[in-house]
Q: 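Have a look at this one.
Both backbone and side-chain heavy atoms feed into the values below; hydrogens, waters and symmetry mates do not. Per chain, numbering begins at 1; letters A, B, ... match sequence-line order.
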Amino acid sequence: MYFKSIKRMLAAAAVAALCTLAVVPAHAGLVFFSRANCVNNESISWDWPTNSYWLYTIGQHYRNGAWEPAIHTGWEYTFRSAAVHWGEGFSGGAYVIGSHYMYISGYGTLYLGQTPTTNCNLAYFFPYW
Amino acid sequence: MKQKLILSICAFVLHAPILAVESQIFQQAVPANQLPLGLPVSEMEKIKETGGQYTTIENMPEKIQNFHANYNAAKNALLAKRNNTNVQASSTQQAVYQTVAAIKLAFKAAHIPNATLHYVIPAGTQVNGQWTGVERFFEIAGIGQAKLLEYDLSANKGKFYMLKSAINTRVNGNEAIARVFSDQNGQTLDEVVWVSGSKFYMLSLLPIIKTIGITQQTHRARIVSIAHGIN
């Protein structure tokens with residue numbers, strides 16, 4: 001069982017690496033999304049690596065008839081905040097809700113909103129993630 | 001004519017409370033210790049130092065540097081897109097455009113008067129294939145370069161918890177926070193943040209003319225007057 005988990009994590013990392021090679025670096029504003037039941041079950045807030053923000057992401061996953069303990073990233077000053085269960089997407093059947101927060105220094109906390117999903121249709125494969 | 005005027009006033013009076021309530025759903029002024037999820041420790045220390053109020057020009061050259069960096073990144077990304085004919089216009093890898101019409105938005109982007117649009121960048125997330133946010137770099141003739149960030153908070157049940165102590169102005173009746181940053185050369189970046197209806201706005205202005213000796217209140221008045229025209 002341990003070996004199976006390692007295999008899934010390695011597969012997830014390999015897919016991520018391939019996606020990195022496939023992408024042309026680009027510029028976009030801060031984006032946020034969740035993905036489920038493909039590779040990882042995850043909720044991510046992301047911008048280009050040259051931009052950092054105070055970000056906090058919470059991932060809640062409903063699998064096998066129950067809610068798993070929520071993933072809290074905590075406040076991080078970063079270009080990428082990710083609440084991830086690596087490789088969990090391979091087994092399918094999950095409902096993922098992301099809650100994305102940004103603290104704008106001196107102005108207040110922007111709750112960007114929720115990103116509920118059961119798929120990985122928002123295929124934002126960004127580099128350096 | 002008189003009748004039209006009376007009807008207009010009635011319409012405004014009837015709608016104003018509704019608009020105010022609608023903004024309140026997506027915006028709430030709270031003290032620092034009641035912001036959701038707390039604050040990073042270093043940020044709480046900053047608020048303690050300033051009392052969470054902004055009445056002077058703040059020495060933060062990185063804000064000016066960051067504006068230039070993002071403007072140039074958008075410019076270079078658009079140039080790269082034009083030179084790379086193999087990339088489809090709808091590809092998310094080359095997410096800089098010259099018009100709002102080129103991207104699918106889940107809301108109507110605000111009109112920015114007297115502005116020449118340079119770059120449009122989608123932001124937020126996608127709902128039914130439509131973006132919930134947009135960044136626009138533009139120029140206001142005779143005044144300077146600017147950036148407007150908009151998020152439609154209704155799309156994902158978002159909300160802006162505004163730092164109550166920092167509120168120092170209003171934009172079209174909505175509570176707002178205006179700040180002025182400067183670098184060592186006297187270049188300022190004027191900024192104002194507010195929520196109107198279901199939309200969060202952050203307007204940043206890099207004025208052409210360096211205004212050494214001009215007060216923060218004067219800068220603030222200018223950026224707020226520009227914000228008043230955005231709707």
Q: Judged by atom type as modelled, is there a donor-acceptor pair below 3.5 Å linking the side chain of A/Trp75 to the main-chain atoms of B/Leu37?
A: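 A pair under 3.5 Å: yes.
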Q: Which bit of B/Ala69 is near chain A, if near means a heavy-atom gap under 4.5 Å: side chain, backbone, both or neither?
A: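 Neither part.
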Q: When rounded to the nearest 0.5 angstrom, what distance separates CG in B/Leu149 from CG in A/Leu30?
A: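 Reported to 0.5 Å precision, the distance equals 8.5 Å.
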Q: Checking B/Ile177 against chain A: side chain, backbone, both or neither under 4.5 Å from a heavy atom?
A: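 Both backbone and side chain.
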Q: Between B/Ala166 and A/Gly106, which heavy-atom pair has the shortest distance, and what is it?
A: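 Result for this residue pair: CB-O, 3.7 Å.
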Q: Rounded to the nearest 0.5 Å, what separation is found between the OH atom of B/Tyr151 and the CE atom of A/Met102?
A: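 Interatomic distance, B/Tyr151 OH to A/Met102 CE, rounded to 0.5 Å: 5.0 Å.
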Q: Under 4.5 Å heavy-atom distance to chain A, tell me which part of B/Thr50 shows up: side chain, backbone, both or neither.
A: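 For B/Thr50, no heavy atom lies under 4.5 Å from chain A.
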Q: What is the minimum heavy-atom distance between A/Gly108 and B/Phe160, and which atoms define it?
A: C-CE1, 3.8 Å
Q: If we ignore hydrogens and angles and just use 3.5 Å, is the side chain of A/Thr109 paired with the main-chain N or O of B/Tyr161 as donor and acceptor?
A: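 The answer is no, because no donor-acceptor pair under 3.5 Å joins these two groups.
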Q: If you count heavy-atom pairs within less than 4.5 Å of chain A, which of B/Ile47, B/Leu163, B/Ile167 leads?
A: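 Looking at each option in turn, the highest pair count goes to B/Leu163.
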Q: Which is it for B/Met202 and A/Ile104 under the side-chain contact (heavy atoms from CB on, under 4.5 Å) test, yes or no, and what are the steps along the way?
A: CA-CA 10 Å; B/Met202 176 181 262; A/Ile104 310 174; 3.6 Å; yes
Q: Is there a side-chain contact between A/Asn51 and B/Asn66 (heavy atoms, below 4.5 Å)?
A: yes
Q: Less than 4.5 Å to any heavy atom of chain B: does that hold for the side chain of A/Tyr107, its backbone, both, or neither?
A: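 Its backbone and side chain both get close to chain B.
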Q: Near B/Asn33 CG, under 6.0 Å, is it more than 12 heavy atoms from other residues, nucleotides or ligands?
A: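 For B/Asn33, atom CG is crowded (more than 12 foreign heavy atoms under 6.0 Å).
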Q: Among B/Glu43, B/Met162, B/Glu191, B/Lys157, which has the most heavy-atom pairs under 4.5 Å with chain A?
A: B/Glu43
Q: Atom CG of B/Leu39 and atom CH2 of A/Trp54: how far apart are they, to the nearest 0.5 Å?
A: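 Separation between the atoms: 9.5 Å.
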Q: Please identify, among B/Gly158, B/Ala155, B/Gly38, B/Pro40, the residue contributing the most non-hydrogen atom pairs under 4.5 Å to chain A.
A: B/Pro40
Q: Provide the closest heavy-atom pair for A/Tyr111 versus B/Leu153 in the form atom of the first, atom of the second, distance.
A: O-CD2, 4.2 Å
Q: Indicate the atoms forming the closest heavy-atom contact of B/Lys46 with A/Ser105, along with that distance.
A: NZ-OG, 3.7 Å
